[in-house]
Amino acid sequence: MIFLGASTKALLGRKRRKSISLTPLIDVVFILLMFFMLTSNFTQWRSINFTSASSSSAGEDRESYFLILFADRHIELLGSDLSLENHQKIRADTMEYFENAGSVVLIPENSVELQAIVSTLDGLKKIGLSSVVLAESLSRQELAELQ
Amino acid sequence: MIAPKLRLPAANKRLKTIDDNMVPLINIVFLLLIFFMVSARISAISGANIEPPLTANEKQDRVEISDAVVEIKSRDSIYFQSEKTSTAQLALDLKEGGVSSVAVRGDKTLPAEDLDAVLKVLRDSGVKTIVLLAKKRAVTQ
């Protein structure tokens with residue numbers, strides 16, 4: 001009877017290690033990658049803060065400044081000579097028209113597009129008017145009566 | 001003196017299979033996978049097909065959309081939590097859910113009167129905070 005030493009036993013008992021195929025792993029990882037690439041989105045959303053109010057409730061506040069936004073993007077301040085071609089003309093010197101602490105109410109014409117409203121709110125925030133009340137839109141005729 | 005030629009054992013040669021050449025590829029794919037998993041946000045795809053307004057103002061707050069979202073393409077195309085609804089149904093859903101904060105995502109061409117109709121429903125349904133969502137405009141020099 002032959003007695004084998006412990007090290008010899010270990011050598012004989014060692015099985016040849018099988019190499020694992022990486023192909024299924026790559027398949028799964030590719031599928032996961034495709035899923036994340038297709039479903040993820042990197043859009044950076046910004047919030048445009050405003051207070052929503054009906055025109056009638058906004059009109060009750062006599063201390064407010066009423067800005068009218070027309071469909072052609074032209075902006076007018078009610079009761080003053082401030083008339084701006086578009087939101088890009090809202091500059092720091094526009095602030096002199098808003099000296100008193102009254103709130104600013106933006107009244108858009110009913111056909112004004114949302115982009116014009118957002119750009120105007122943007123412009124007002126840029127010069128320091130951040131608490132703007134967005135009133136209900138009015139027709140051209142109603143705005144003319146208001147003026 | 002000539003150095004003896006180093007000969008690798010036969011077993012090592014066998015291990016050099018086609019899989020080994022794919023290791024760099026797997027590394028890169030793994031990195032891409034981790035990048036997308038960590039940095040991206042998965043959101044439900046809405047059928048509204050809305051092109052949101054753009055804002056270039058850096059002062060506008062950045063938001064993570066977690067509240068109730070109302071999407072408006074037009075007066076007749078309103079979506080609440082990615083499902084098409086009507087103004088009447090929207091009012092019911094908001095009241096039932098006790099929703100107090102809503103993010104409004106409107107199309108950039110949405111007329112003010114159509115926006116009004118939805119804002120009125122939101123106000124009447126007891127929504128306290130309404131936030132209008134805009135997409136950050138890419139800065140062009």
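Just so you know, these numbers come straight off a predicted model, no measurement behind them. Below, chain A is the first sequence line, B the second, and so on; all start at residue 1.
Take A/F70 and apply the ring-ring contact (aromatic ring centres under 6.0 Å, His included) test, not counting sequence neighbours, and it matches A/H74. Every residue two or more places apart in sequence or in another chain that forms a side chain to side chain donor-acceptor pair (under 3.5 Å) with B/K73 is listed here: B/D107.
When the side chains of ILVMFWY residues are joined at heavy-atom separations under 4.5 Å, either directly or via intervening members, A/L33 and B/L31 end up in two distinct hydrophobic clusters. Cluster annotation: B/I50 and B/L110 are assigned to distinct hydrophobic clusters (Ile/Leu/Val/Met/Phe/Trp/Tyr, side-chain heavy-atom contacts under 4.5 Å, transitive). The same ILVMFWY cluster, assembled from side-chain heavy atoms under 4.5 Å apart, contains both B/L119 and B/V102. Linking Ile, Leu, Val, Met, Phe, Trp and Tyr whenever their side-chain heavy atoms come within less than 4.5 Å leaves A/M34 and B/F30 in two separate clusters. Neither B/I28 nor B/I34 shares a network with the other; the hydrophobic side chains, linked directly or stepwise wherever heavy atoms of I, L, V, M, F, W or Y lie under 4.5 Å apart, form separate groups for each.
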Side-chain donor-acceptor distances from residues 107-119 of chain A under 3.5 Å, at least two apart:
from, atom 1, to, atom 2, distance (Å)
A/E109, OE1, A/A71, N, 3.0
A/E109, OE1, A/R140, NH1, 3.2
A/Q115, OE1, B/L54, N, 2.8
A/Q115, NE2, A/S119, OG, 3.1
A/Q115, NE2, B/L54, O, 3.0
A/S119, OG, A/Q115, O, 2.8

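Using a 4.5 Å heavy-atom cut-off against chain A, no residue of residues 89-97 of chain B qualifies as contacting.
Note that OG of A/S40 and CE of B/M37 are 11.5 Å apart. Values are rounded to the nearest 0.5 Å. Note that CG of B/L33 is 12.0 Å distant from CD1 of A/I31, once rounded to the nearest 0.5 Å. The distance from atom CG of A/L121 to atom CG of B/L132, rounded to the nearest 0.5 Å, is 7.5 Å.
Residue contact with chain A, scored on non-hydrogen atoms closer than 4.5 Å, involves the side chain of B/L115 exclusively. Both the backbone and the side chain of B/S39 come within less than 4.5 Å of a heavy atom of chain A.
Taking the side chain as every heavy atom from C-beta outward, B/T55 and A/I48 approach each other to under 4.5 Å. Here the side chains of A/W45 and B/R105 are in contact, with some heavy-atom distance below 4.5 Å.
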Quiz prompt | Derivation of the side-chain contact (heavy atoms from CB on, under 4.5 Å) call for B/V29 and A/I26 | solution = CA-CA 8 Å; B/V29 170; A/I26 301 162; over 6 Å; no
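Looking at every heavy atom in both residues, A/S47 comes nearest to B/V131 through CB-CG1, 3.1 Å.
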